Every structure is written in C-alpha cells, then in structure tokens.
Number of protein chains: 2
Amino acid sequence: MVRTPKPISARSTIAHVAERAGVSTATVSRVLNGNYPVSKEARAKVAQAIDEIDFVQNAQAKALVQAKTGIVGVVMADVSDPFYSEMIGSIQNVCGANGKLLVICSTQGHSDVELSYLQVLRSQRVDAVIVLGGGSDDDQVQASLARQAAALAREGCRLVLCGRPAPDAGRDTLAVEVDNVDAARQATRHLMAFGHREILFLGGPRGSTTSRDRLAGFRFAFDEAGWASEQCTVDAGDFSRQAGYDLAKKHVLGGTRFTAILAASDFMAIGAIRALLSMGLRIPDDLSLIGIDDIPSASDMVPRLSTVRLPLSEMGRLAAGLALGLDRTAPLRPLGVSLVPGLTVGPLPASGEALIGRIAG
Amino acid sequence: MVRTPKPISARSTIAHVAERAGVSTATVSRVLNGNYPVSKEARAKVAQAIDEIDFVQNAQAKALVQAKTGIVGVVMADVSDPFYSEMIGSIQNVCGANGKLLVICSTQGHSDVELSYLQVLRSQRVDAVIVLGGGSDDDQVQASLARQAAALAREGCRLVLCGRPAPDAGRDTLAVEVDNVDAARQATRHLMAFGHREILFLGGPRGSTTSRDRLAGFRFAFDEAGWASEQCTVDAGDFSRQAGYDLAKKHVLGGTRFTAILAASDFMAIGAIRALLSMGLRIPDDLSLIGIDDIPSASDMVPRLSTVRLPLSEMGRLAAGLALGLDRTAPLRPLGVSLVPGLTVGPLPASGEALIGRIAG
DNA sequence: CTGAAAGCGCTAACAA
DNA sequence: TTGTTAGCGCTTTCAG
C-alpha cells in the first residue's frame, strides 16, 4: 500500500515530540499523563519539545484507546430559554471544574430529535448524558428512550434525567426530579387565597410530562378545596412568551370567564402580561396572574411576577454531580418548590365579577 | 503480548457487525457511510445485524482516521446570560441543521480560561471554534490568542470571532463584528435628545474590547455635540444585573450628579432600574435610563426598556455560517445596530435639576 | 526508569 | 461489488 508518506512538516503528534526529544513515544505519553515515573532530564527534554512545536494531544486518539472522552452531553429543548440555560449554567460550572467538556443538543421540544441526539451522543462515547426538562408522555417514545438508556448503560455511559420523572423500569437511569405537581398546586392555592375560583390555566404542550404534572397540580388544588375545576378553562401552549401572549389575548377577546390566570411557565406568564396590558387591563387590579419556574426575568418584572420557584441551578448542579459520579445516588424525592408571592396576584376586582364582557363587550 | 482477549460479549464494533452479517468490515463501513456501491443483499444483512445489536459507530475512531470530528466549539463568558444564549441559540440551529455538534465552554469572563479552552478545543480537533463576545484588550493576551489562532489554522480548524474585533495580523481569523461604538453613540444621542447632558455611564469590565468601544461611543457623542464628557461620571461593572444594581445605588447615595444613566448592557440597566425603584425614584420621571443589547428581557420590562438593538441572533447565524464554511467571507463592516426607543427615557425632571441631594440629602 | 510493539475501531487504498 | 490490510495517534503491557 502506497499511502502518501507522512508530511515531515508541522504534524503535531507524540511521535514527533518523541523524535525531537530523543525519547520514545511511551515516555512522552508518560510525561503527558504524569502517572508514571519519568526521569527529570527526560521530562525536561519532552517539555521543551512540546513547547517548541506547540503540541497538543489528540483527544480522539486518546479517547479511542482509553474508551472515555471526558465529554458530557446535555439534551434539552432550547438553550436560549432561561429555564434551560439556568440549569446549563450550573452544569457547566460543575463540568468545567472537573475538566469535562459539555456538548449541548437542542431538540426544540421534538422527542424524535431527542432520541436521535441520544444516539449521536452514544456514538460520541460521551461519559454521561443529561436530559433536561420534561419528556414525552407517549408510550412508544418512552419505550425507545428506555432502549437508548439501556444501550447507554451497557456502554458505560451514565444517563441522568433532570426535571423529568425516572422511568419505572430499571436502575439504568438516575433522575433529579422536581415537584411539578406541587408547584401548580401552590400557585393555584395562592390564587384561591385571594378569592379566585375562576382560573384560566395556560398549560404547556400536550403530551409533556411537565404539562401533565402541572395540570394535575392545578386540579388537585381544586379537589382539596372541594371545588370543581371543570368550570375552569384549560388551554395548551408551548411554554413560550408568544404562546402566553396569544392565549391570553384569545381568551380575553373570546370572552372566556376568569378572574385569574395560572400560566404553566413564567415565560407564558410574561407573554400574557404583555397581552393584557396592551388591552388596557391592569394587573393585579383587573386580573391576577401567576407563573411557575421563577426564571431570573420574573424578578425583573415590575410589578414582580408572582410565581413558584423551581431550584433550577440546584437541579443542574445535582444532575451534573450524578453525571460525573461525584454523587452516587439521586435524591429520593422530587426537589421541593416554593411560592414566590410577587405583586401580580391580588384580590378579586371590586365588582367581584369575572372579566367576561368587560373587554369583548 | 498477552492482552485480555476481546470479550465476545456485547461489543459494539464494526467487526462485530461484519461477523454477524457475514461480510467484511469494509462493507459494513461502506453501508454506514453510503458513499460506495454495496449490493442490496449485503446492505440488508448489515442493516439487520446493526439493528440486532443496536450498534452505533465510534465517532472517536472515525474522527481519528478522517481527521475531522463534526464538532464546533463555542467559547463565551456565561451560557445563562441571554446576550450569549441568544447567539448560541442561533448557532445551535445552524449546527444542528448541518449535523454538527456543539461544545460549549464558559470562561466567566476570564481570558486565561478562554485561552486554555482554546487549547482544549484544539486537542479535541474540533472543526471550528467560535469565540463569542468581547475580548481582553491586553497585549499579552492578544499575543497568546494570536498564537492559538495560528495553531488552530495550521491544524485546519476555522476560528471565528463574534462580537469582537478581528486581530490586525493575519487572515487566520474570521470575525463577525458589531458596531459597539455606534451603539453607545446612539444611546447617548437619544438621551441628549431629551435634554440630558449629565449622564452616568455604567461600563463593562475594564480591559474588555466591548467596554472600551462602548465608552468610546459615549465620548464620541459628546464630542459630536461639542460638549465635554469629562463632567460625566464613568464607572465600571461586569455587565451583570448585580453590577447595575450596586452601581446605581452607590451613585445615587453617593450624590453623583446625573439626570440619566447609560448602562453598557441591558442586564446592568435592569439591575439599575431595580435599585432606583427600590429607592423610590420614578423612571423616567425622576431619572432616565437606557441600555445596550436589546436582550429579550428588555421588551418584557414595563415600561419597556429603552436600548440599542444588537442583532444577536444574526451574529450567531453569521458566525456559524463562517465556522461551517457555508459562507466564505466575513462581513466587511461591523453589523449595524438600531435604537429601540422604549419608555425609560424622558425629558429632564421639571425642576431641571440633576438628582444630587434629592435622595442623599 | 525506558523502549518496543500490540492494539483501540474505523476508513481507504489496493487487489481481486 | 467485495475483502484485505495498513495505518490514524495514543496508551499500555511486557521486557529490558
């Protein structure tokens, strides 16, 4: 076989360094990894050679022989959504401090993309995979996910779910869960405490575990109060600002009967606020509103957005700890959430009436 | 040499697939890459074998022989800062659409960390590196950066700077620049148009190119107006909410004389707003305020934050296009910015006086 | 303490 | 169309 002879030029390889330093490649490798005894002189010669040709190791070759890459994969819907970027921020902190690199993959909420990214990360032989945020409720997707999880585990890659329930089957998967049910329950109770009973629920995408749990919490609060939640309107968005804006507008103009809104995400709440203000409504005088998540923007709002705080950074930190094997066991119970009162929830309007007709009429 | 014999068990390799399908590894490789003719039967047998053992290629081994990884590295200060996450969002979109993976590295604004990440990415043999945001002004850092850039180029890796001026020397580096000078100039002029002349400038970290350019734009606007900017107070933060909060508080309480604030980032503007409101000041009645960046939160603020829009998504998209080689040449001139008026800038207070003493007194 | 050499899993000539 | 085989750059026995 006549392959082109290796260019004597500026190739950056251990062999090149070895030649230059007058030692073997094994010695160079040992200097580089510092886990074997090497004489001072050899060390010095190698160091000099490395510096002269500005050598850096080929991580691929190293990973190939060591069967680990020092890379952690993160799969989530959208990096530019603070719900995720807050978690990613703390994950990056942990990973950076431990010399791990982070590969991020955005699915835009598509579970098929999520699945295919899992496969890509598998092929990259990442040391661990963290999946952020809610997942699909669909049985078939769950099954595919379980299959990927099993493959990952078989190949020695840790899988950590964060903000999504752990699958029933198997201990292949660690999970950092958060109490989405309680989050919505607390938000609802807060509205109820101010006398609200006709609440418009703006949910997340149908089929997502987070949406499901938050809606369940909403209904649960009604059950607890002994009231029927059926008379409340429930609609679905996609957790985005735009969805909040559109849905709020639609329901106000459509004459839906409600005195308060529970938005399943702060983003939707913020979008809704904008819609309501643009229609001349005052918050919380005319209408109360509460979100869930407590993203940083929530506290930038004036008046401060009432919401329920999810420990996003902590979730990320815990997930990263599990992924890196710093922590061995996942939290036994979902992480707790806490009400952040804010100023967007108030008593019923003086008239004591729902909004219906006020605008649309 | 007596190495442990390869475990016949569930190893996921091409050789394993080949054996199972009764073909050679070369054939499997050809099926996988689809760039060489393979008979229908062979293809089918291989496909089945792959499916049976749930095989995925080892990207490391592939990268080793092909000398490219399909990975793009991104270096920036902080993922959870929307200034960056907006850009990353659009970079991820381009990369995802082109089958590239994204490795993200957070420097927290430390240029030494930036340098070392560059080295790490070099060792990962990433296909391209994108550096987001302003860089250090320091000559020594610049020199090290140039050296890394040269090494990267030598190794066939594209380096793209985004939001930072291209280094004078060499065409090793592509850059997507944005007109930071004009951004601050426009913001300043907007304040001036409302009669403000005593402006508190809250800058970014000293030694960053972005800080430098924005301050230059501020001074330039004064020069244009034929006024002396020296009488204005200039302070430095780190672009964060907290810095904005702290600085605003400090200067109000310290009795600094000003009728308006120009914050070098929306984050600082938002932090400043919070501080001002907490001290009972009204915006823009008592004090005007403008930011720079137009991050999404700016339009969530009520009243809407006056700011200058940087085309963050477009910057990311362009940078990604260059990094992937979709575009060949960088924009000739810095990308333009545009004033977004908002409602946080108003005329001078009725008294026509600067704030001094109103609070502190 | 050091060097020689056997692979890690894959691709790409080359030969068949 | 297919198989054989030589590496890609590195680590790691094993034998000095």
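Per chain, numbering begins at 1; letters A, B, ... match sequence-line order. Keep in mind it's a predicted model, so treat the numbers as computed, not measured.
- You'll find a donor-acceptor pair under 3.5 Å spanning the side chain of B:Arg30 and the base of D:dG3, going by distance alone.
- Defined by atom type and a distance below 3.5 Å, a donor-acceptor pair is present between the side-chain atoms of A:Asn93 and B:Gln108.
- Checking B:Gln60 against B:Asn35, the closest nucleotide of DNA chain C that is more toward the 5' end is the one next to B:Gln60.
- As a whole-Å value, the separation of B:Arg122 CZ from D:dG9 P is 15 Å.
- Between B:Leu32 atom CG and C:dA12 atom C1' the separation is 15 Å, expressed in whole Å.
- In this structure, the CD atom of B:Gln124 is 14 Å from the C1' atom of D:dG9, given to the nearest Å.
- One atom, NZ of B:Lys45, and another, C1' of D:dT2, lie 11 Å apart when rounded to the nearest Å.
- An OP1 or OP2 oxygen of C:dT2 is reached within less than 4.0 angstrom by a side-chain nitrogen or oxygen of A:Ser39.
- Rounding to whole angstrom units, CZ of residue A:Arg125 and P of C:dC10 are separated by 7 Å.
- For residues 49-67 of chain B, every residue pair satisfying the salt bridge (charged side-chain N to carboxylate O under 4.0 Å, His left out) rule, not counting sequence neighbours, is listed here: A:Arg122-B:Asp54, A:Arg147-B:Asp54, B:Arg20-B:Glu52.
- Using a 4.0 Å cut-off, some side-chain N or O of A:Ser29 falls inside it from OP1 or OP2 of D:dT11.
- Contact annotation: B:Gln57 reaches the phosphate of C:dT11 (side-chain N/O to OP1 or OP2, under 4.0 Å).
- Side-chain atoms of B:Ser80 do not come within 3.5 Å of backbone N or O of A:Glu86 as any donor-acceptor pair.
- Between A:Asp127 and A:Lys100 there is a salt bridge, since a side-chain N of the basic residue sits under 4.0 Å from a carboxylate O of the acidic one.
- With DNA chain C read from its 5' end, the first of the two nearest nucleotides for A:Thr25 and A:Glu41 is the one closest to A:Glu41.
- The phosphate of D:dT4 (OP1 or OP2) has no side-chain N or O of B:Ser24 nearer than 4.0 angstrom.
- The distance from the CD1 atom of A:Ile14 to the CD atom of A:Glu19 is 13.5 Å, given to the nearest 0.5 Å.
- In this structure, NE2 of A:His16 is placed 12 Å from P of D:dC10, rounded to the nearest angstrom.
- Per the geometry, CD1 belonging to A:Ile14 stands 11 Å off P belonging to D:dT12, to the nearest Å.
- Dashed line: the shortest gap from a side-chain N or O of A:Asn33 to OP1 or OP2 of D:dT11 is under 4.0 Å.
- Looking at which nucleotide of DNA chain D each of B:Ala26 and A:Ala26 is closest to, the 5′-most match is held by B:Ala26.
- The distance from atom OH of A:Tyr36 to atom C1' of C:dG3 is 14 Å, rounded to the nearest whole Å.
- You'll find that the side chain of A:Phe55 is closest to D:dC10, out of D:dC8, D:dC10, C:dG3.
- Within 4.0 Å (heavy atoms only), A:Leu64 reaches at least one base atom of the nucleic acid.
- Backbone-only engagement by B:Ala42 is indicated by non-hydrogen atom pairs under 4.0 Å involving sugar-phosphate atoms exclusively.
- Residue B:Val38 is the one, among B:Val38 and A:Ala61, whose nearest nucleotide of DNA chain D lies closer to the 5' end (criterion: closest heavy atom).
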